There are 2 protein chains.
Amino acid sequence: MDNQDIRKAGLKVTLPRIKILGLLENNSQRHVSAEDVYKMLLDNGEEIGLATVYRVLTQFETAGLVTRHNFEGGHAVFELDRGGHHDHMVCVVCGKVEEFIDTTIEKRQREIAKEHGFEMVDHSLIIYGHCGNPKCKVGY
Amino acid sequence: MDNQDIRKAGLKVTLPRIKILGLLENNSQRHVSAEDVYKMLLDNGEEIGLATVYRVLTQFETAGLVTRHNFEGGHAVFELDRGGHHDHMVCVVCGKVEEFIDTTIEKRQREIAKEHGFEMVDHSLIIYGHCGNPKCKVGY
DNA sequence: CTTGCAATGAAAAAGATTCTCATCATCATT
DNA sequence: AATGATGATGAGAATCTTTTTCATTGCAAG
């Protein structure tokens, strides 16, 4: 995942795109909003506009470099697409996101889509719950 | 599902709430945005404010009368909660929504959550694809 | 190097949702 | 049925997220 990926997507290799891709690669939390990306880059002393962040993230999504998720919260979050598809588990208290993949579910989904006459092109499975952290348990 | 449900939710039985609940019950498309509800009620000659629609839908959600979904599209859609949980299949071309339920997937989800130390409280499974309509097929 | 065309940033605009506040309606109590 | 406390409403302002506009800048092909 480097600048060649940007070029292969038919996009010019510009500083903003390099910075955004770099941040997505190296940031500790894999799921970030456009606003997150913008602020982090500003904090790193980069000069960038919020509109550019939105534009580039959308272009990366179209190019298949990142995936956009519509979790709860009123804003989209983006994640670098590292090849392997996976689903998400979100803690309703602290917001922690864990990833998982289950072949049983994946297979059933394709079968169900076919049963309904759908040709599946994508899917989104999000499990909401209380994560292992005691502070996030019910009745804390 | 009637006015008693509104009262049981600890809410006063007011005209806007009756109208919104009635619309959710009788409307042909089960998944509607706040804007949809607002416009439909206006078209029916009702006097109602958009802020009230948002407020009431959120209250109904809290009360467990309706469910809010974050499909793609930048706005939430609401659906009357008719007791039975189900998942969704959305056509990426025409937007048609079909509902389904699969016990295999439901069971696996609970197991997976537990394996990750999560206590599942909710989940969202959306399959995106091309529906049976020839116009929605790939390459049309 | 030059030059076309894509990319950028700032600000405005658009869209979705929430908040404020003065007025009004519900409903438990008279 | 009248009253009054309290919650609900509608209009518009405000907020938040995302997109668009447009003048300027920078990549990259020749």
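Convention: sequence-line order gives letters A, B, ...; per-chain numbering from 1. This structure is a prediction, so every number in the text was calculated from the model and none was measured.
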| said: I want to check something: taking the side chain as every heavy atom from C-beta on, are Thr52(B) and Arg17(B) in contact at a cut-off of under 4.5 Å? | reply: no
| query | Does Thr14(A) put a side-chain nitrogen or oxygen below 4.0 Å from OP1 or OP2 of dT8(C)? | reply | yes
Basic-acidic side-chain contact under 4.0 Å: [X], [Y]:
X: Glu106(B); Y: Arg108(A); result: no
X: Lys114(B); Y: Glu111(B); result: no
X: Arg82(B); Y: Glu25(B); result: no

Nucleotide nearest [X] when distance is taken to its side chain, options [options]:
X: Ala76(A); options: dT18(D), dG10(D), dC27(D); answer: dT18(D)
X: Pro16(A); options: dT9(D), dT18(D), dG9(C); answer: dG9(C)
X: Arg55(B); options: dG10(D), dA8(D), dA7(C); answer: dG10(D)
X: His75(B); options: dA11(C), dT26(C), dA16(C); answer: dA16(C)
X: Tyr54(A); options: dA10(C), dT17(D), dC19(C); answer: dT17(D)

Please give, in whole Å, the distance from [N] [atom2] to [X] [atom1]?
X: Gln59(B); N: dT9(D); atom1: CD; atom2: P; result: 7 Å
X: Glu47(B); N: dT9(D); atom1: CD; atom2: P; result: 14 Å
X: Leu42(A); N: dG9(C); atom1: CG; atom2: P; result: 10 Å
X: Asp36(A); N: dC16(D); atom1: CG; atom2: C1'; result: 14 Å
X: Arg17(B); N: dA8(D); atom1: CZ; atom2: C1'; result: 6 Å
X: Leu57(B); N: dT9(D); atom1: CG; atom2: C1'; result: 15 Å
X: Ile20(B); N: dA8(D); atom1: CD1; atom2: P; result: 13 Å
X: Lys19(B); N: dG10(D); atom1: NZ; atom2: C1'; result: 17 Å

| note | Contacts of Gly73(B) and Gly49(A) projected onto DNA chain C by closest heavy atom; the upstream (5') one is Gly49(A)
| query | Toward the 5' end of DNA chain C, which comes first, Lys12(B) or Ser33(B), by nearest nucleotide? | reply | Ser33(B)
| said: So Leu50(B), base contact, sugar-phosphate only, or nothing? Heavy-atom distance under 4.0 Å. | reply: base
| said: Just to be sure I understand the rule, does Thr52(A) reach a base, reach only the sugar-phosphate, or reach nothing, if contact means heavy atoms closer than 4.0 Å? | reply: base
| task | Mind telling me whether His88(A) and His86(A) have parallel, tilted or perpendicular rings, with 30° and 60° as the class edges? | result | perpendicular
